[in-house]
Each structure stands twice: as C-alpha cells, then as structure tokens.
Amino acid sequence: MRVVFAQALGVSDQVIGLTIIAAGTSLPEVVTSIVAALRGERDIAVGNVVGSNVFNILGVLGLTGLLAPTGIAVPDAMVGFDIPVMIAVAVACLPICFTGGVISRWEGGVLFAYYLAYTLYLILAATHHDALPVFSVTMLYFALPLTALTLAVLAVQERHRRIRP
C-alpha cells in the first residue's frame, strides 16, 4: 500500500527500495536486535544485523544477479552516491573494533541520526527540493569532516588506553 502511494506521488523505484522496502524488510531485524540487547544477548543483536546485511548483499543480490536473464542494472545514481555511502558507513563502523566491541548510546544516536540524514537526502533528491543543495553542502563540509575527526579521536584514545593499562 505504501509503495503504491509513493509511486502515485512520483517517487522513483530506487528511492522506494532504499527507504520504504528497506525499512519494512529490516523491521524484524530491528525488533530481534532490540529484544536481544535488552535481554543482555548483545552477540545475538549484533550478529543478527551484520548477518542479515551480509546475506542481503551477498546472498540475495548475488542469487538475483545469477538468475536474472540479463543481470541487474545498477543505476548511475546508486553507483555515484548510495554505494559510496554504504562503503563509508562500513568504514565508519571500524572504530567499534577499537573500542572493545561496544556501541555506546551516543554512538547509536549518531548512527541513527546519519540514517535519518541519508533518508532525508533521498527524499529531497527525489522531490528535487530547493533545500537539497544546502543540505548536501552541510553534510559534505560539516557532518562528514566532524565524523572523520570524531572517529580519529576515538581511535587514538583507544590506542592510548590499550598502551597504558
């Protein structure tokens, strides 16, 4: 129903897949991970999310590409923006390895805020909103450098903490 409504508004299939369908298919993982975290089973929470994403990218996309008669065309917009964002997010998660495998509340809040910013970008781009250039510049020259700086500081702090027990 939501997909039909979005299509009626002229939203592209790419944006529908990256937002509505992605959120809908991920809700079971979200609920499972939240319940596992609340019960203290953090390994299940993280494994559920990581495993689901690895399976979706490698298993589902790989099998679909294998079975599709002409392969899967990847839109230029996805190659130019969405896939680099996915790679950047994967790199941004590396400090979790430095901090003893703990995602603090503020880090979780930052990750969720970036998801909201990404979704907002998709909506602004799909609707060709006047705010898109300002939003893009803000993300590129403020949020991303601030994130890089934060990650660098966290990595250095963790390294010093490990050197001096």
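All residue numbers refer to positions in the sequence shown, counting from 1.
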So D82 and Y118, do their side chains get closer than 4.5 Å, heavy atoms only? yes
Partners meeting side-chain contact (heavy atoms from CB on, under 4.5 Å) with V134 (sequence neighbours left out): T138
Does any non-hydrogen side-chain atom of L124 lie less than 4.5 Å from one of D130? no
For a quick test of reading the model, state the closest non-hydrogen atom pair linking P84 to G80 and the distance between them. CG-O, 3.8 Å
Using the side-chain contact (heavy atoms from CB on, under 4.5 Å) criterion, which residues pair with V31? Sequence neighbours excluded. V35
Mind checking what makes side-chain contact (heavy atoms from CB on, under 4.5 Å) contact with A117, not counting sequence neighbours? F135, M139
Considering non-hydrogen atoms only, spot the tightest contact between N56 and V60 and give its length. O-CB, 3.4 Å
The reported gap from CZ in R39 to CD1 in I34 (rounded to nearest 0.5 angstrom) is 12.5 Å
What residues form a side-chain contact (heavy atoms from CB on, under 4.5 Å) with F112, not counting sequence neighbours? Y115, L116
Taking only residues two or more places apart in sequence, or in another chain, which ones meet F55 in a ring pair (Phe, Tyr, Trp, His ring centres under 6.0 Å)? none
Are L38 and V30 connected in the hydrophobic side-chain network, where two residues link if heavy atoms are under 4.5 Å apart? yes
Carefully, step by step, assess Y121 and L132 under the rule side-chain contact (heavy atoms from CB on, under 4.5 Å). CA-CA 7 Å; Y121 174 85; L132 180 62; 3.4 Å; yes
Can you see which heavy atom on I57 is nearest to which on L61, and at what distance? O-CB, 3.0 Å
I'd like to know if V50 and M86 are part of one continuous hydrophobic network [Ile/Leu/Val/Met/Phe/Trp/Tyr, side-chain heavy atoms within less than 4.5 Å]. yes
For the side chain of N48 and the backbone of I44, is there at least one donor-acceptor N/O pair under 3.5 Å apart? no
Linking Ile, Leu, Val, Met, Phe, Trp and Tyr by side-chain heavy atoms under 4.5 Å, what else ends up with L146? F142
Full working for side-chain contact (heavy atoms from CB on, under 4.5 Å) between V74 and I83: CA-CA 10 Å; V74 179; I83 292 174; 4.2 Å; yes
